[in-house]
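Along the sequence shown, residues are numbered consecutively beginning with 1. Basis for what follows: all heavy atoms, side chains included, without hydrogens, waters or symmetry-related copies.
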Amino acid sequence: MKEIAYEYSYVRVSTIEQSEARQVEALRVHQIDKWFREKVSGKDTNRPQLQAMLEFAREGDTIYIHDFSRLARSTSDLLKLVETLQAKNIRLVSNKENIDTHTPTGKLMLTMIAAINEFERMNLLERQREGIAIAKRKGIYKVRKPVAILPEEWQAAYSDYRTRKISKVQMAKRLGISRTTLDKLLKNMEEKSHG
């Protein structure tokens, strides 16, 4: 017997002062079974309601959003999210962009968005290489120094992380470093312990 498909909606505003009424009103045209709402900046990667919705949704379900900017803070983030949903066979529909990921037109639009994103990424890398080459010729190129962390602070945070008292996100915040830097440091530690 086929499971019943459900329809969800994700609504996000950036600040406490902003109202979600405009998004909610626009999404009422759909038969929404469950609403996921939060007031958090798009730059913030910690969005509990978005994570809850992604964990809650099952194959065949549909997620409605007012526009892509509510869901992701960059094109690459959006594409990763869409890829995750497609792997679970969850349909994503955006009102403003009029894109449905389960239609041929929607798939074509996502392919174009992915191509533009890759083009922008390659252009950025090319500009970085050109900038580094010019800086080296002028003798002003400086290699970024590795992040220095106080051993006591690192050991305490690392211990809490290893015993699952804190997550990677919490550990990075506690140490005042990015997740990327933390991942590199953790990888180095693992390599040293196995080496």
Side-chain angles (χ1 to χ4, degrees), residues 1-125 164 166-174 178-180 182-183:
M1 192 173 99
K2 189 181 181 299
E3 285 188 31
I4 298 169
Y6 291 95
E7 298 186 349
Y8 311 110
S9 184
Y10 178 70
V11 174
R12 182 187 64 76
V13 289
S14 298
T15 64
I16 301 297
E17 294 82 30
Q18 286 182 321
S19 171
E20 58 196 33
R22 184 176 55 90
Q23 291 178 59
V24 171
E25 191 58 38
L27 291 164
R28 285 206 192 281
V29 296
H30 308 292
Q31 301 299 309
I32 307 298
D33 296 301
K34 188 169 176 61
W35 294 79
F36 293 86
R37 307 177 195 205
E38 58 195 343
K39 295 192 177 190
V40 62
S41 168
K43 292 176 185 173
D44 192 343
T45 54
N46 183 23
R47 289 183 267 165
Q49 286 299 300
L50 176 60
Q51 288 309 313
M53 180 182 68
L54 294 174
E55 288 169 18
F56 198 82
R58 297 288 176 259
E59 183 178 349
D61 290 349
T62 302
I63 294 172
Y64 290 96
I65 54 171
H66 180 57
D67 66 75
F68 285 138
S69 69
R70 302 298 91 205
L71 197 61
R73 66 189 197 283
S74 69
T75 308
S76 58
D77 280 354
L78 173 65
L79 292 169
K80 283 177 199 163
L81 196 58
V82 168
E83 200 174 280
T84 300
L85 294 173
Q86 285 177 330
K88 292 172 78 175
N89 196 26
I90 296 169
R91 182 177 163 207
L92 176 66
V93 178
S94 172
N95 273 10
K96 192 174 178 183
E97 289 86 3
N98 197 22
I99 292 178
D100 180 338
T101 59
H102 273 47
T103 65
T105 305
K107 288 174 184 173
L108 173 65
M109 288 302 294
L110 288 170
T111 302
M112 290 170 67
I113 290 168
I116 291 166
N117 183 59
E118 180 63 14
F119 175 73
E120 287 173 349
R121 195 179 71 80
M122 296 307 288
N123 276 343
L124 176 66
L125 291 173
R164 297 178 185 251
I166 58 171
S167 66
K168 273 189 186 179
V169 172
Q170 292 166 323
M171 186 177 178
K173 281 184 182 174
R174 186 161 147 188
S178 70
R179 268 295 303 274
T180 307
L182 177 61
D183 287 339

I'd like to know if the side chain of [X] and the backbone of [Y] have a donor-acceptor N/O pair within less than 3.5 Å.
{"X": "Asp100", "Y": "Val93", "result": "no"}
{"X": "Thr84", "Y": "Lys80", "result": "yes"}
{"X": "Arg12", "Y": "Arg70", "result": "yes"}
{"X": "Asp61", "Y": "Tyr6", "result": "yes"}
{"X": "Gln49", "Y": "Glu38", "result": "no"}
{"X": "Arg91", "Y": "Thr103", "result": "no"}

[X] side, atom [atom1]; [Y] side, atom [atom2] - distance, nearest 0.5 Å:
{"X": "Ile99", "Y": "Lys107", "atom1": "CD1", "atom2": "NZ", "result": "13.5 Å"}
{"X": "Met109", "Y": "Asn98", "atom1": "CE", "atom2": "CG", "result": "9.5 Å"}
{"X": "Leu110", "Y": "Thr105", "atom1": "CG", "atom2": "OG1", "result": "11.0 Å"}
{"X": "Glu118", "Y": "Thr75", "atom1": "CD", "atom2": "OG1", "result": "12.0 Å"}
{"X": "Glu7", "Y": "Trp35", "atom1": "CD", "atom2": "CH2", "result": "11.0 Å"}
{"X": "Asp77", "Y": "Leu81", "atom1": "CG", "atom2": "CG", "result": "8.0 Å"}

Taken in chain and number order and not counting sequence neighbours, the residues that satisfy salt bridge (charged side-chain N to carboxylate O under 4.0 Å, His left out) with Lys168 are Asp183
Run the side-chain contact (heavy atoms from CB on, under 4.5 Å) test on Ile116 and Glu120 for me, step by step, so that the C-alpha distance in whole Å, both residues' side-chain angles and the decisive distance to 0.1 Å come before the verdict.
CA-CA 6 Å; Ile116 291 166; Glu120 287 173 349; 3.8 Å; yes
Heavy-atom count check: over 12 atoms from other residues, nucleotides or ligands less than 6.0 Å from Lys88 NZ?
yes
message: More than 12 heavy atoms of other residues, nucleotides or ligands under 6.0 Å from CD of Gln170: yes or no?
response: yes
Distance-minimising heavy-atom pair for [X] and [Y]:
{"X": "Ala57", "Y": "Ile90", "value": "CB-CD1, 3.6 Å"}
{"X": "Leu78", "Y": "Phe68", "value": "CD1-CD2, 3.6 Å"}
{"X": "Asn95", "Y": "Ala26", "value": "ND2-O, 3.0 Å"}
{"X": "Tyr10", "Y": "Ile65", "value": "O-CG2, 3.9 Å"}
{"X": "Ser9", "Y": "Leu27", "value": "OG-CD1, 2.9 Å"}
{"X": "Ala5", "Y": "Gly60", "value": "CB-O, 3.2 Å"}

| Parallel, tilted or perpendicular: which fits the ring planes of Tyr64 and His30, with parallel below 30° and perpendicular above 60°? | parallel
Non-hydrogen side-chain atoms of Leu92 and Gln86 separated by less than 4.5 Å: no
Please walk me through it: do Thr101 and Leu85 pass side-chain contact (heavy atoms from CB on, under 4.5 Å)?
CA-CA 9 Å; Thr101 59; Leu85 294 173; over 6 Å; no
Stepwise, does the side-chain contact (heavy atoms from CB on, under 4.5 Å) test hold for Lys34 with Met53? CA-CA 9 Å; Lys34 188 169 176 61; Met53 180 182 68; over 6 Å; no
Exercise. So His66 and Val11, side-chain contact (heavy atoms from CB on, under 4.5 Å) or not? Walk me through it.
Worked result: CA-CA 7 Å; His66 180 57; Val11 174; over 6 Å; no
